[in-house]
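Right, one structure below, let's go through it.
Naming convention: chains lettered A, B, ... in sequence-line order (proteins, then strands); numbering from 1 in each chain.
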Amino acid sequence: MGAAHTAPPAGSLLRFENVTVCFDELEALHQVSFEMRAGETRVVLGAAGSGKTVLLKTALGLIKPDAGRVFLFGHDITNVPERDLFDIRSQVGVLFQEGGLFDSITVAENVAYPLVNRKTHTVPASEVDSRVQDALRFVELEHTLDKYPSELSGGMRRRVGIARAVVSEPPLVLYDSPTAGLDPITANTIMALIAKERDTQNTANLIVTQRYQDGQLMANFRYNRNRGYLEPVSGNGDAAGHGSNSTGTVFMVMKEGIVVFEGTQAELEASSDPYVIRFVPKYS
Amino acid sequence: MLDFLKSPVAAIQDFYVLAGRAVRNIFRTPHYADDIALQMDVIGVGSLPIVFLVSFFSGVVITMQMSRALSQYGATGQVGQIVAITLVRELGPVLTAVVVAGRNASGIASELGSMTVTEQIDAMRALGTDPIQKLVTPRMIATCFMQPMLTIIADFVGIFGGFLIARLSLGLSTSQYWTNAYEALKYNDIVQGLLKPLVFAFVISLVGCFYGLRTSGGTQGVGRSTTTAVVVSIVWVFMITALLTRIFVNLS
């Protein structure tokens, strides 16, 4: 390591520096660099197999990069042994593609899992039940406490997954294809929940998806706490989150492990790259 | 040139890494006592009926076969000795291991395999739990604890099966059979009869976990790793018993 590495500035939640990940001969990620700041929403678009999920798992240290560096909350997690990662990871919420729920335990136990099984920041036992209730009420599934994940529908499992991801109130939440395989109405409900979570807890979100509509919703709607529903934001701010009501949503498009686009929604829609515009519906 | 050796060598290396971590976790917190107890129930108590049946009938068969051979020398009375030695030294440990490999190496591999393909293992890591600590170590401890117990039960049930034949069909007296069986066993036999199941348990549980955690390729992959886990663990059981027998034969 000859080059001097400047630690990322405060406020940086997640930072990729020229990250490359290989599986055997195949490059799943190629020289990926970006930085996420507090309160930012980042939508990663890409076809199946473009490396979106790998990107997300690399961000958590579940996959080790073959080159480059990953910083999570300012800590370099690139070569940290697994045992020391648990502490940092507990500040990140994750929704896995199919929910990733443990099917041998009940919904309530699943949601309680991050609170009970962490080594540090453990929550007092008396608080766990109420926190679980709150999280499940948030996703409107408080009646499923004693059910098993296999008894739930796909959309409900996804919602339980969201409850589990946010129960510990992490400042950063990663969503892996939250709407994959769902009908459009359920998909919308899920995205509305994610937007609601973002705007009630002020979390930063990294959302990996194939659907442009998901990003559009995140970019153009805010949850109104007082009225209790989503409403469109007035005027679209730039990527830095300027503008009074802007969601500060950044779009990223991936193609075969390479980031081919990074910018705001307006820039995305104005793009002339034939691969990038495939994600943007023509009606607008 | 030797590229075809790459993947088996890498697999062996991965297996040793897994084994090392699983053993190291015995001495590290947190300990999941509930999971150990649950696995002991599944692996130990759950295997009892089939271990009973298999060992009982193998005792019966050995007695019947041996009585024919022994009658040529007029030594039918010595059948207890042969049953005891065969079972305690070899068949008890090996048959139990084959049963446990068939039941539990497959069970472990398919359970962990399904968890792997549905991202539950990743979820576990992401939520701050070491899957080796939570899944592999409890299964290893439970198997290592229960396998010798099962073997002791298998030895006894097998000798008892032999006794029924000796008493009812060969007309030996109760004390003749049991005294003969008891006196045939040396300290060396007991040690190898209890050391083997311990080693088998270690291999069976870790092979099951190893193939389970390596599963890829959806439901089909789960089936594949289950089959591989059973085949590989049974092959290892027979190779290890040959090796250990060689060592103990030299010792006596």
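- Using a 4.5 Å cut-off between heavy atoms, A:E98 contacts chain B through its backbone alone, with no side-chain atom that close.
- A donor atom on one side chain and an acceptor atom on the other are found under 3.5 Å apart for B:T241 and B:E90.
- With a 4.5 angstrom heavy-atom cutoff, A:L101 touches chain B only via backbone atoms.
- One finds no salt bridge joining A:E82 and A:K64 here, because no Lys/Arg side-chain nitrogen approaches an Asp/Glu carboxylate oxygen to under 4.0 Å.
- Heavy atoms closer than 4.5 Å to chain A are found in the backbone of B:T118, but not in its side chain.
- Contacts between A:F96 and chain B at a heavy-atom distance below 4.5 Å involve backbone atoms as well as side-chain atoms.
- Judged by a 6.0 Å distance limit and a 45° cone about the ring axis, A:R164 is positioned over the six-membered ring of A:F102.
- If you tally non-hydrogen atom pairs under 4.5 Å between each of A:D103, A:V94, A:L60 and chain B, the highest count goes to A:D103.
- A salt bridge links B:R214 with B:D14: the distance from a Lys NZ or Arg NE/NH1/NH2 to an Asp or Glu carboxylate oxygen falls below 4.0 Å.
- Of the possible donor and acceptor atoms, none in the side chain of A:R157 sits under 3.5 Å from a partner among the backbone N and O of A:G100.
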